[in-house]
Visitor: 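Before anything else, here's the structure in question.
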Amino acid sequence: MRIDVRGSLSSGQAFLWEEDGGMWHVINGQDVLRIRGDGRTASHLGGRPDFFRRRDDMARILGSISRDRDVARAVRLSPGLRVLDQDPFQCLVTFIISANSNMPRIRSCLSRISARMGGRAEVGGREYRTFPTPARLARASPRDIAACGAGYRSPYVAAAARMVERGELDLARLRRAGYAEARAALLAVPGVGSKVADCVMLFSLCKLEAFPIDRWMARILGGRFGLGRGSLTPRQYGEAHGRLAAHFGPYAGYAQQFLFKAAGDARGASW
DNA sequence: CCAAGGCCTGAATG
DNA sequence: ACATTCAGGCCTT
């Protein structure tokens, strides 16, 4: 199945990207990815990032998660949707900032952080600002970060950058760790709760069983899984996550992404 | 562990 | 025009 580049980029996983003459340019950490319409990806840094997780066995994954009727329908609606494999530090900062916010503001805040603190990269005759390194962001004060529009999340972002810079949070190692270990390590970061941890794990740490339950997902699955309307307490989140992981299986994160995309499309979301 | 309240900020609503 | 409300939660009491 052909990868749906636009749909995947605009499904709430990534925010620093733009379409440019039939191509997409994505800021992924210190890298700038040039993505063609068919999903073929070139790295400015010269590595071989698997941004669209092409190594995943999609037939197996779709077969597994499509045992659920709602997921099967969502897959039929957006068969080219993919879970992205993003730069972990950028992803961590992104979802700390996402708390109690909305997509346009998340994007504008991240854009300013890159514009003011990111490196420069010339790609296709245009200059891009990449995402700041942990070291660079660790040097920034909460005021600097607040000036980018992060609001009360600013000290969390500063603290997270310092933890990564000092090696107290080893994101590269967590990519190879199990779900429980990665989750525990992330929850030790200020500004990171269950939901943000699941986002970081699914979108940048290869934990395909992670199933972020945000306000949207709570509404989408509310009746079926007894999630109720209000916000989930940590205990409720844990119990719900257990039920969802058991129901959707080892690729529950993919299921979540298809459900989220379908619900967003249904209400005519403009992102 | 649970509940309630507060929180930057800005677009959308009344 | 001006005041609430609400938004992909989390932290503190």
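Order of the sequence lines fixes the chain letters, A, B, ..., with proteins taken first and strands second; residue numbering starts at 1 for each chain.
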Visitor: How would you give the extent of chain A contacts on DNA chain B, as first and last nucleotide 5' to 3' within a 4.0 Å heavy-atom cut-off?
Guide: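 For DNA chain B, the relevant span reads B:dC1 to B:dG10.
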Visitor: Would you sort out whether A:Ser98 and A:Lys195 count as a side-chain contact (heavy atoms from CB on, under 4.5 Å), showing the intermediate values?
Guide: CA-CA 10 Å; A:Ser98 78; A:Lys195 187 270 174 180; 4.1 Å; yes
Visitor: Give each stem of DNA chain C as a range with a range, requiring at least 3 consecutive Watson-Crick or G-U wobble pairs whose two distances are under 3.5 Å.
Guide: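 Consecutive-pair runs (3 or more) involving DNA chain C: B:3-7 with C:9-13, B:9-14 with C:2-7.
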Visitor: For A:Arg166, give me all partners under salt bridge (Lys or Arg N to Asp or Glu O under 4.0 Å), at least two apart in sequence or on another chain.
Guide: A:Glu168
Visitor: Under 3.5 Å, is there a donor-acceptor pair between the A:Tyr251 and A:Asp57 side chains?
Guide: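 No, no side-chain donor-acceptor pair sits under 3.5 Å.
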Visitor: side-chain hydrogen bond (donor to acceptor under 3.5 Å, both in side chains) for A:Ser11 and A:Gln257? Distances and angles first, verdict last.
Guide: CA-CA 8 Å; A:Ser11 64; A:Gln257 204 57 30; 3.1 Å; yes
Visitor: Does the distance from a Lys or Arg side-chain N to an Asp or Glu carboxylate O, for A:Arg175 and A:Asp85, drop under 4.0 Å?
Guide: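 Counted as a salt bridge, because a side-chain N and a carboxylate O are separated by less than 4.0 Å.
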Visitor: So, the side chain of A:Arg129 versus the backbone of A:Ala121: is there a donor-acceptor pair under 3.5 Å, distance only?
Guide: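 Between the backbone of A:Ala121 and the side chain of A:Arg129 there is no qualifying donor-acceptor contact (under 3.5 Å).
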Visitor: So which atom in A:Ala14 and which in A:Leu84 form the shortest heavy-atom distance, rounded to 0.1 Å?
Guide: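 Heavy atoms of A:Ala14 and A:Leu84 come nearest at CB-CD1, 4.0 Å.
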Visitor: Can you tell which of A:His44, A:Arg120, A:Glu122, A:Glu18 makes a side chain to side chain contact (heavy atoms under 4.5 Å, CB included) with A:Tyr128?
Guide: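 It is A:Glu18, the one option of A:His44, A:Arg120, A:Glu122, A:Glu18 that forms the side chain to side chain contact (heavy atoms under 4.5 Å, CB included) with A:Tyr128.
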Visitor: What pair of heavy atoms forms the shortest contact from A:Gln30 to A:Thr133, and how long is it?
Guide: NE2-N, 3.4 Å
Visitor: Produce the list of close N/O pairs, under 3.5 Å, pairing protein atoms with atoms of nucleotides 10-13 of chain C; give distances to one decimal.
Guide:
from, atom 1, to, atom 2, distance (Å)
C:dC10, OP1, A:Gly193, N, 2.7
C:dC10, OP1, A:Gly193, O, 3.3
C:dC10, OP1, A:Val196, N, 3.0
C:dC11, OP1, A:Gly191, N, 3.0

Visitor: I need the single residue from A:Asp87, A:Leu33, A:Val32, A:Leu110 that forms a side chain to side chain contact (heavy atoms under 4.5 Å, CB included) with A:Ile27. Which is it?
Guide: A:Val32
Visitor: Using heavy atoms and a sub-4.0 Å distance, could you list which residues of residues 71-87 of chain A are near DNA chain C? By number, please.
Guide: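 DNA chain C contact set from residues 71-87 of chain A: none.
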Visitor: Between A:His241 and A:Tyr179, does the ring centroid distance fall short of 6.0 Å?
Guide: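 When the ring centroids of A:His241 and A:Tyr179 are compared, they turn out to be within the sub-6.0 Å range.
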Visitor: So which protein nitrogen or oxygen atoms get under 3.5 Å of nucleotides 5-7 of chain C's nitrogens or oxygens?
Guide:
from, atom 1, to, atom 2, distance (Å)
C:dA7, OP1, A:Arg219, NH2, 3.1
C:dA7, O3', A:Ser101, O, 3.4
C:dA7, N7, A:Asn100, OD1, 3.2

Visitor: Just the rounded figure in Å: distance from P of C:dG8 to CZ of A:Phe211.
Guide: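 After rounding, the gap between these two atoms is 17 Å.
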Visitor: Can a donor-acceptor pair be found between the side chains of A:Tyr254 and A:Arg82 at a distance below 3.5 Å?
Guide: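 No pair is found: no donor N or O on one side chain lies under 3.5 Å from an acceptor on the other.
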